[in-house]
**Student:** 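Right, I'll just put the structure down here and ask away after.
We use all heavy atoms of the structure for the numbers below, so side chains are in, but hydrogens, waters and symmetry mates are not. No experiment lies behind these values; they were computed from the predicted model shown. In what follows, chains are A, B, ... by sequence order, proteins preceding strands, each numbered from 1.
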2 protein chains.
Amino acid sequence: MTSPRPADTFPTPEHDHAECIDAALTHAEDTCRRLGLRFTPIRRRVLELIWQNHEPVGAYDLLDQLSRDGRRAMPPTVYRALEFLVAAGLVHRLATLNAFVGCAHPDHAHQGQFLICRNCRRVVEMESPKVGRSLKREAEALGFSIEEQSIELTGLCPDCSSEAH
Amino acid sequence: MTSPRPADTFPTPEHDHAECIDAALTHAEDTCRRLGLRFTPIRRRVLELIWQNHEPVGAYDLLDQLSRDGRRAMPPTVYRALEFLVAAGLVHRLATLNAFVGCAHPDHAHQGQFLICRNCRRVVEMESPKVGRSLKREAEALGFSIEEQSIELTGLCPDCSSEAH
DNA sequence: CGCGCGGTGGTATAATATAACAATCGTCAC
DNA sequence: GTGACGATTGTTATATTATACCACCGCGCG
Ligand SMILES: [Zn+2]
Ligand SMILES: [Zn+2]
Ligand SMILES: [Zn+2]
Ligand SMILES: [Zn+2]
């Protein structure tokens with residue numbers, strides 16, 4: 001079972017990030033094959049770029065990096081790839097940042113809760129069933145049925161809060 | 001004690017919305033006077049426009065409406081007013097919609113959870129202490145300290161889900 | 001072959017937001 | 001009053017993010 005590293009905690013500087021990238025790409029291949037989706041070179045490359053680190057990336061950053069590859073990429077190219085990756089559950093879009101981050105739990109359908117460090121910009125994807133249940137229950141009490149959720153928490157990660165004296 | 005209507009449930013078509021607007025404006029005046037902030041005509045007018053209904057409004061929509069007033073408004077004008085109103089806790093920005101909505105609980109500091117109907121676009125601001133506590137606890141377990149939260153739930157409000165057979 | 005469909009390339013433009021500087025207004029000390 | 005100063009607004013320009021639209025390509029299929 002290939003799967004990206006759990007990443008349900010902030011990654012250490014020592015962690016083998018090449019493995020993060022490799023796991024994400026391998027998992028994406030598997031998923032796409034299983035679902036009959038086409039994991040084309042552009043889509044693969046965009047996913048790889050998104051996984052360059054654990055920080056969210058803007059679409060135009062990706063565009064620049066694609067251009068540096070040699071291919072003259074235009075906005076629709078990267079947005080199409082992103083749309084595909086988000087739909088396939090391989091990438092999440094962070095609405096508060098207009099940026100994209102690799103999904104840490106791509107092996108099952110979910111909509112996580114994101115912890116975003118305002119200092120180092122790293123992101124961790126939590127998945128708290130408790131929070132999900134509370135929200136669902138309280139929304140239902142108002143007669144509201146949730147279809148999508150966007151939960152983004154900004155603050156300081158452990159490393160950055162200990163730095164701040 | 002003036003305060004906008006609770007709006008912790010979806011508003012009925014029959015409710016006296018003029019009262020919603022009036023309460024929001026009166027409360028804003030009070031708040032600004034208390035905090036020594038200047039509730040200028042532009043800021044007042046923008047808040048009034050935001051409260052035209054219970055749906056979020058985009059900055060450029062507001063801009064159009066301001067222009068229709070006669071004043072030749074430019075983007076910075078409306079963005080500055082919005083910045084002020086958000087900072088004063090009178091308005092919230094919805095990241096998933098790039099839009100703004102009047103705060104339903106402006107009488108105390110908070111960061112609510114928004115229920116957004118994808119059909120009628122109405123928004124309700126929940127304030128669930130339970131959700132807040134769960135998130136805080138689970139984030140702290142990862143060493144993360146939350147400074148801001150953005151929680152936006154999209155789905156169907158009671159009225160729109162009963163319409164859909 | 002002829003057709004349809006998903007993917008890509010490319011141009012243009014829409015929609016959202018901010019930078020930078022000038023002009024004006026309010027307030028307060030003098 | 002009036003000059004000084006900070007806060008607010010006016011104005012122009014530009015940055016940033018995202019989509020509409022059409023042409024072309026490659027491939028499977030009747
Ligand atoms: Zn890593
Ligand atoms: Zn950090
Ligand atoms: Zn109302
Ligand atoms: Zn509705």
Side-chain angles (χ1 to χ4, degrees), chain A residues 28-29 32-33 35-50 55-88 90-101 116 121 150 152, chain B residues 28-29 31-33 35-50 55-88 90-101 121 150 152:
Chain A
E29 273 168 21
C32 290
R33 186 161 30 238
L35 300 180
L37 304 173
R38 293 176 53 189
F39 196 47
T40 64
I42 291 184
R43 292 168 180 178
R44 182 190 179 84
R45 179 62 177 141
V46 169
L47 184 60
E48 191 182 8
L49 289 172
I50 287 176
E55 303 170 30
V57 202
Y60 280 75
D61 279 355
L62 292 169
L63 195 51
D64 288 347
Q65 299 185 258
L66 281 180
S67 298
R68 251 173 265 136
D69 281 358
R71 58 166 92 247
R72 290 196 309 126
M74 294 290 150
T77 301
V78 66
Y79 277 102
R80 280 187 294 237
L82 288 168
E83 183 184 25
F84 171 86
L85 294 170
V86 169
L90 300 168
V91 161
H92 293 287
R93 177 169 191 276
L94 299 181
T96 55
L97 298 175
N98 294 325
F100 299 83
V101 70
I116 305 168
R121 291 182 45 87
S150 158
E152 302 177 22
Chain B
E29 272 168 23
T31 301
C32 291
R33 185 162 29 237
L35 300 180
L37 304 173
R38 293 177 50 190
F39 195 49
T40 65
I42 292 183
R43 292 168 178 175
R44 182 189 179 84
R45 180 63 176 143
V46 168
L47 184 60
E48 190 182 10
L49 289 171
I50 287 177
E55 302 170 29
V57 201
Y60 280 75
D61 278 355
L62 292 169
L63 195 52
D64 287 348
Q65 298 184 259
L66 281 181
S67 299
R68 250 173 265 137
D69 281 359
R71 51 173 11 116
R72 290 196 307 127
M74 292 294 165
T77 301
V78 66
Y79 278 102
R80 281 189 292 234
L82 289 168
E83 183 184 24
F84 171 87
L85 294 169
V86 169
L90 299 168
V91 161
H92 293 287
R93 177 169 189 275
L94 299 181
T96 55
L97 297 175
N98 295 325
F100 300 81
V101 71
R121 294 183 41 87
S150 156
E152 301 177 22

**Student:** Taking the side chain as every heavy atom from C-beta outward, state whether A:Leu49 and A:Val57 have any atom pair closer than 4.5 Å.
**Tutor:**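 No. Closest side-chain heavy atoms not under 4.5 Å.
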
**Student:** Which atoms form the tightest heavy-atom contact between A:Arg38 and A:Arg43, and what is the distance?
**Tutor:**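 For A:Arg38 and A:Arg43, the tightest heavy-atom pair comes out as O-NH1, 2.7 Å.
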
**Student:** Please determine if a side-chain N or O atom of B:Thr77 lies less than 4.0 Å away from the OP1 or OP2 oxygen of D:dT11.
**Tutor:**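 The answer is no; no side-chain N or O of B:Thr77 sits under 4.0 Å from OP1 or OP2.
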
**Student:** For C:dG7, does either OP1 or OP2 sit under 4.0 Å from a side-chain N or O belonging to A:Arg43?
**Tutor:**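 Affirmative; the distance criterion is met.
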
**Student:** Return the value, rounded to whole Å, for the distance between atom CZ of B:Phe39 and atom C1' of C:dG26.
**Tutor:** 18 Å

**Student:** Please report, rounded to the nearest Å, how far the P atom of D:dT16 is from the CE atom of A:Met74.
**Tutor:**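 Rounded to whole Å, this separation is 18 Å.
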
**Student:** Would you tabulate the pairs of protein nitrogen or oxygen atoms and nucleotide nitrogen or oxygen atoms of nucleotides 18-20 of chain D closer than 3.5 angstrom?
**Tutor:**
from: D:dA18; atom 1: OP1; to: A:Arg93; atom 2: NE; distance (Å): 3.3
from: D:dA18; atom 1: OP1; to: A:Arg93; atom 2: NH2; distance (Å): 2.1
from: D:dA18; atom 1: OP2; to: A:Tyr79; atom 2: OH; distance (Å): 3.0
from: D:dA18; atom 1: O5'; to: A:Tyr79; atom 2: OH; distance (Å): 3.4
from: D:dA18; atom 1: N7; to: A:Tyr60; atom 2: OH; distance (Å): 2.5
from: D:dA18; atom 1: N6; to: A:Tyr60; atom 2: OH; distance (Å): 3.2

**Student:** Distance check: side-chain N/O of A:Arg72 vs OP1/OP2 of C:dG10, anything under 4.0 Å?
**Tutor:**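 True: A:Arg72 side-chain N/O within range (under 4.0 Å) of C:dG10 OP1/OP2.
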
**Student:** To the nearest 0.5 Å, tell me how far A:Leu82 CG sits from A:Thr77 OG1.
**Tutor:**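 Atom-to-atom, A:Leu82:CG and A:Thr77:OG1 are 11.0 Å apart.
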
**Student:** Rounded to whole angstrom units, what separation is found between the CZ atom of A:Arg80 and the P atom of D:dC21?
**Tutor:**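 Going from CZ in A:Arg80 over to P in D:dC21 covers 14 Å.
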
**Student:** For B:Leu66 and D:dT11, what is the distance between atoms CG and C1' respectively, to the nearest whole Å?
**Tutor:**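 To the nearest whole Å, that distance equals 16 Å.
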
**Student:** Taking atom P of C:dT8 as reference, at what distance in whole Å does atom CG of A:Leu63 sit?
**Tutor:**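 The answer, rounded to whole Å, is 15 Å.
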
**Student:** In chain order, what residues pass the side-chain hydrogen bond (donor to acceptor under 3.5 Å, both in side chains) check against A:Gln65, with sequence neighbours excluded?
**Tutor:** none

**Student:** If you draw a 6.0 Å radius around CD in A:Glu83, do more than 12 non-hydrogen atoms from other residues or ligands fall strictly inside?
**Tutor:** no

**Student:** Show the nearest heavy-atom pair for residues B:Arg93 and B:Asn98, with the distance to one decimal.
**Tutor:** NH2-OD1, 3.0 Å

**Student:** Expressed in angstrom and rounded to an integer, what is the separation of B:Asp61 atom CG from C:dA14 atom C1'?
**Tutor:** 14 Å

**Student:** Identify whether the distance between the nearest side-chain nitrogen and carboxylate oxygen of A:Glu48 and A:Arg45 falls below 4.0 Å.
**Tutor:**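 Yes, this pair counts.
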
**Student:** Would you mind telling me which residue lines up with the more 5' stretch of DNA chain C, B:Leu97 or B:Arg38, judged by nearest nucleotide?
**Tutor:**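 Going by which nucleotide is closer to the 5' end, it is B:Leu97.
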
**Student:** For B:Arg44 and D:dT8, what is the distance between atoms CZ and C1' respectively, to the nearest whole Å?
**Tutor:** 18 Å

**Student:** Whole angstroms only, please: what is the CZ-P distance between A:Phe84 and C:dG6?
**Tutor:**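 Rounded to the whole Å, the gap is 13 Å.
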
